[in-house]
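First listed ligand is number 1; within each ligand, the first listed atom is number 1. Count residues from 1 along the sequence. Note: hydrogens, waters and symmetry copies are ignored here, and every other heavy atom, side chains too, is used.
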Amino acid sequence: EARTRPSKSQKSSWATFLKSIASFSGDLSSLTAPPFILSPISLTEFPAYWCERPELFSAIADAKSDEERSILVLKWFISTLKGQYTSRNEKLGSEKKPLNPVLGELFYGYWPDINGRGQTDLVVEQVSHHPPITAYYIANEAKGISLQGHSAQKTSFSGGSIIVKQIGHAVLTVNLPGGGKEEFLITLPRLRIDGLWYGSPYIELAETSYIQSSTGWLSTIEYKGKGYFSGKSHTFKASLSPPGSSHAAHTYEGLWHQTSKDVRTGTIFTDVTSPKEEVTVKSVEEMDDWESRRLWRWVAKGIRDGDFETASKEKSKIENEQRQRRKDEQAAGTQWQLKHFDHVDSDPIYERLGKLFKANPPTEDAYVYRHNHNPGPTQAAASDL
Ligand code: HCR
């Protein structure tokens, strides 16, 4: 089990690291961090957090009205936050610095069909190295639901905390029973990494994020930490307003890592106190060389075993191989080709739905999933996409 606080001997390297962050703004992934704060998990694994309660994801397809669909999307979204932002503390003892994926790194997985919920497949590709950008596509074909998005971060240092602005957005698409589809534009909250001073970083969410449906229903979610709404960490308030109105038809509040309530009825809205369901992946032996857990396996082993010399030697091997690849491409006048995604400078869905709630910025780029293979019904499907 990883320690949550650094020992005396680790304190001086931590202090040096803090000084380097304080005078730094931009891409945190390029900073060298002290070994005890390194995570053996690559950022390409993070999109799996979107679906660790697969039954909430698939339930969206069963909504009987636009209003109910927006409620179920909000419920699923809030229920992902605990996994997205606190699971490293549970697993690794505190928030740690994830492995910085290489260009072209892949992560595939699935959640099996249980009780008719349909299988959900996950495809992740690292589409940029510097700055790090991760694109993902998650689909439950049987239920006609998919989520496509990308994630990048801009970091700065303020008041002793790291502030992370999330760049990127996600679009959830639901095929409707009578034909046609409904789209939801999902924007992402701002993060604050607190606890740095004590060497045990953790995440707090801040400001506001939105879920705008193409039907006009809009969820506005406000995040606060200790000392605001309830005096507790990880607090949120969400309001859901109907098309063309700023008057909330529903409001919900509570703790995104525990439970929340429907304010009007007092009934439970979200409850993430039960165990979540981790994504199923192939064994490392069966994986392709570009798949994250195989690519990083010796680095990850070194970190897990506390053998940082091996970890850093293996990490250098990967980085040198990447540098050589970029040099070869430059010499040949070629460019790395993405496997699953096409880049578009402006996402038409973001522009169209973003206008409805005056999204800032008004346009964003996107990585569009290329539907060029049929995954088929097998459990190994995601690996063949
Ligand atoms: C900021 C962060 C990398 C990005 C991580 C993101 C934003 C990635 C997308 C996921 O959907 C949600 C998510 C959760 C993580 O909280 C966030 C990471 C937290 C720390 C990490 C920094 C690059 C590392 C900072 C080093 C610290 C711990 C000293």
Which of the atoms of ligand 1 are close to [X], meaning less than 4.0 Å from one of its heavy atoms?
X	value
Gln84	10 (C), 11 (O), 12 (C), 14 (C)
Tyr85	12 (C), 13 (C), 14 (C), 16 (O)
Gln153	4 (C), 7 (C), 8 (C)
Ile203	16 (O), 19 (C)
Gln166	7 (C)

Residues [X] and [Y] bridged, charged N to O under 4.0 Å:
X	Y	answer
Glu291	Arg294	no
Glu183	Arg352	yes
Lys339	Glu125	no

Heavy atom of the protein closest to [atom] (residue, atom name, distance):
atom	value
atom 17 (C) of ligand 1	Leu191 CD1, 4.0 Å
atom 29 (C) of ligand 1	Phe17 CE2, 3.5 Å
atom 27 (C) of ligand 1	Ile162 CD1, 4.4 Å
atom 21 (C) of ligand 1	Pro98 CD, 3.9 Å
atom 22 (C) of ligand 1	Leu28 CD1, 4.1 Å
atom 15 (C) of ligand 1	Arg88 NH2, 3.1 Å
atom 1 (C) of ligand 1	Val164 CG2, 3.9 Å

Please state whether Ser151 comes within less than 4.0 angstrom of ligand 1, counting heavy atoms only.
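Ser151: in contact with ligand 1 (<4.0 Å).
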Between Gln126 and Thr134, a side-chain donor and acceptor under 3.5 Å:
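Checked: Gln126/Thr134 side chains pair up, N/O donor to acceptor below 3.5 Å.
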Residue pair Lys301 / Thr310, side-chain heavy-atom distance below 4.5 Å:
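No, their side chains stay 4.5 Å or more apart.
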Only one of Phe269, Phe184, Trp50 forms a ring-ring contact (aromatic ring centres under 6.0 Å, His included) with Trp76, so which one is it?
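That would be Trp50.
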Answer yes if the ring centres of His343 and Phe341 are under 6.0 angstrom apart, and no otherwise.
no
Please find out if less than 6.0 Å separates the ring center of His169 from that of Tyr210.
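Ring centres of Tyr210 and His169 not closer than 6.0 Å.
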Could you check which of Lys97, Lys165, Lys154 puts a non-hydrogen atom nearest to atom 26 (C) of ligand 1?
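It is Lys97 whose heavy atom sits nearest to atom 26 (C) of ligand 1.
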Would you verify that at least one protein heavy atom lies under 4.0 Å from atom 19 (C) of ligand 1, or report that none does?
yes
State which residues pass ring pair (Phe, Tyr, Trp, His ring centres under 6.0 Å) with Tyr202; sequence neighbours excluded, sorted by chain then number.
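Per chain and number, Tyr202 pairs via ring pair (Phe, Tyr, Trp, His ring centres under 6.0 Å) with no residue.
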Using a 4.0 Å heavy-atom cut-off, which part of Ile193 comes near ligand 1: side chain, backbone, both, or neither?
side chain
How does Trp50 reach ligand 1, by side chain, by backbone, by both or by neither, if only non-hydrogen atoms under 4.0 Å count?
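No part of Trp50 comes within reach of ligand 1.
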Atom CH2 of Trp336 with >12 non-hydrogen neighbours under 6.0 angstrom:
yes
Between Gln166 (side chain only) and Pro189 (backbone N and O only), is there a donor and an acceptor less than 3.5 Å apart?
yes
Can you find an N/O atom of Lys96 closer than 3.5 Å to an N/O atom of ligand 1?
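Such a contact does not occur with ligand 1.
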